[in-house]
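Report on the following structure.
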Amino acid sequence: CQERTLAVLQEQAFRVTEKVAAGLESTKGSVQVEALSRKLLESHILTITRIVKQLSMDIQALEGQLTQRDSVTSGTTVAVQSLDQKNMAGIGDLRGRVACDASIAKLSADMSSGEQQMIRLQKEAAELRSAVDVRLKELEVK
């Protein structure tokens, strides 16, 4: 709507300019022509003033929209930074958990290996006991 109004005002300004120029060229010196030319010139000035006012209002509206977009963009940037910080904290937590899980797995493997060694040593001790018992019996018999 504003664009149409602006286009109409511009068209009127151009028509008035053409009329003033034609009037000045056609009859110079005539009082009626000068009066008509002045009226056309005044009309032209008013039309240009309206165009400038309309453009000024359009610029103010655009400035308001830009300000609003800037504030939305600023809010979005803050929200994205907050999410980024939360994601980084979450990644740090996950790294800690992965390291902890790896340590637990290593300790579990070490413990399992220790248990197997203990079972093997218990078997060896049992075999040695039975061998010692056998030797003791042999010695008692002798």
Side-chain angles (χ1 to χ4, degrees), residues 1-28 30 32-142:
C1 182
Q2 290 176 351
E3 290 175 7
R4 279 187 249 138
T5 305
L6 186 60
V8 168
L9 290 174
Q10 285 176 336
E11 187 178 325
Q12 287 176 357
F14 290 131
R15 273 193 263 128
V16 169
T17 303
E18 290 171 2
K19 287 179 184 178
V20 168
L24 289 174
E25 288 179 14
S26 66
T27 54
K28 294 184 179 178
S30 168
Q32 290 177 347
V33 171
E34 284 185 26
L36 178 64
S37 295
R38 281 188 183 172
K39 285 182 182 180
L40 288 174
L41 190 56
E42 288 174 4
S43 174
H44 181 63
I45 290 170
L46 288 175
T47 303
I48 289 176
T49 304
R50 285 188 213 133
I51 291 171
V52 170
K53 285 180 182 177
Q54 183 66 40
L55 288 174
S56 177
M57 290 189 310
D58 291 346
I59 289 171
Q60 287 176 352
L62 289 173
E63 285 175 347
Q65 289 174 358
L66 288 175
T67 302
Q68 184 181 10
R69 286 181 187 169
D70 287 347
S71 68
V72 168
T73 301
S74 176
T76 302
T77 301
V78 169
V80 167
Q81 288 174 347
S82 174
L83 285 174
D84 190 36
Q85 290 174 350
K86 288 178 183 178
N87 285 338
M88 292 303 284
I91 288 171
D93 289 347
L94 287 175
R95 285 181 181 161
R97 288 179 186 171
V98 166
C100 184
D101 288 350
S103 296
I104 289 171
K106 185 176 185 257
L107 289 174
S108 177
D110 290 346
M111 192 170 150
S112 177
S113 174
E115 287 175 355
Q116 290 174 357
Q117 286 179 352
M118 189 174 76
I119 291 170
R120 186 179 49 82
L121 288 173
Q122 284 175 345
K123 285 180 182 178
E124 284 181 28
E127 290 173 2
L128 288 174
R129 249 188 236 135
S130 66
V132 168
D133 286 343
V134 169
R135 289 287 268 197
L136 280 175
K137 287 183 186 176
E138 287 177 3
L139 286 174
E140 285 177 7
V141 171
K142 285 184 182 180

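The model shown is predicted, which means the values in this text are computed figures rather than measured ones. All values below were derived from every heavy atom in this structure, side-chain atoms included, with hydrogens, water molecules and symmetry-related copies excluded.
D70 is not listed as a side-chain neighbour of S74, based on a closest heavy-atom distance of 4.5 Å or more.
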| Intermediate values then yes/no, side chain to side chain contact (heavy atoms under 4.5 Å, CB included), K53 and R50 | CA-CA 5 Å; K53 285 180 182 177; R50 285 188 213 133; 5.6 Å; no
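A distance of 7.5 Å separates CZ in R135 from NZ in K142, rounded to the nearest 0.5 Å. Taken to the nearest 0.5 Å, the SG atom of C100 stands 12.5 Å off from the CG atom of L94. Going from atom CD of E138 over to atom CD of E140 covers 11.0 Å, rounded to the nearest 0.5 Å. Within the model, atoms CG of N87 and OG of S82 stand 9.5 Å from one another, a figure rounded to the nearest 0.5 Å. T77 OG1 to D84 CG: the interatomic distance, rounded to the nearest 0.5 Å, is 12.0 Å. Here the CG-CD distance, from L62 to Q60, works out to 10.5 Å after rounding to the nearest 0.5 Å.
For the side chain to side chain contact (heavy atoms under 4.5 Å, CB included) test with T76, the passing option among T73, V78, V72 is V72; the others fail. With R120 as the partner, the side chain to side chain contact (heavy atoms under 4.5 Å, CB included) test is satisfied by one option alone out of E124, K123, Q116: E124.
In this structure, the side chain of S113 does not engage the main chain of A109 through any donor-acceptor pair within 3.5 Å. Of the possible polar contacts, none joining the S112 side chain to the S108 backbone as a donor-acceptor pair under 3.5 Å is found.
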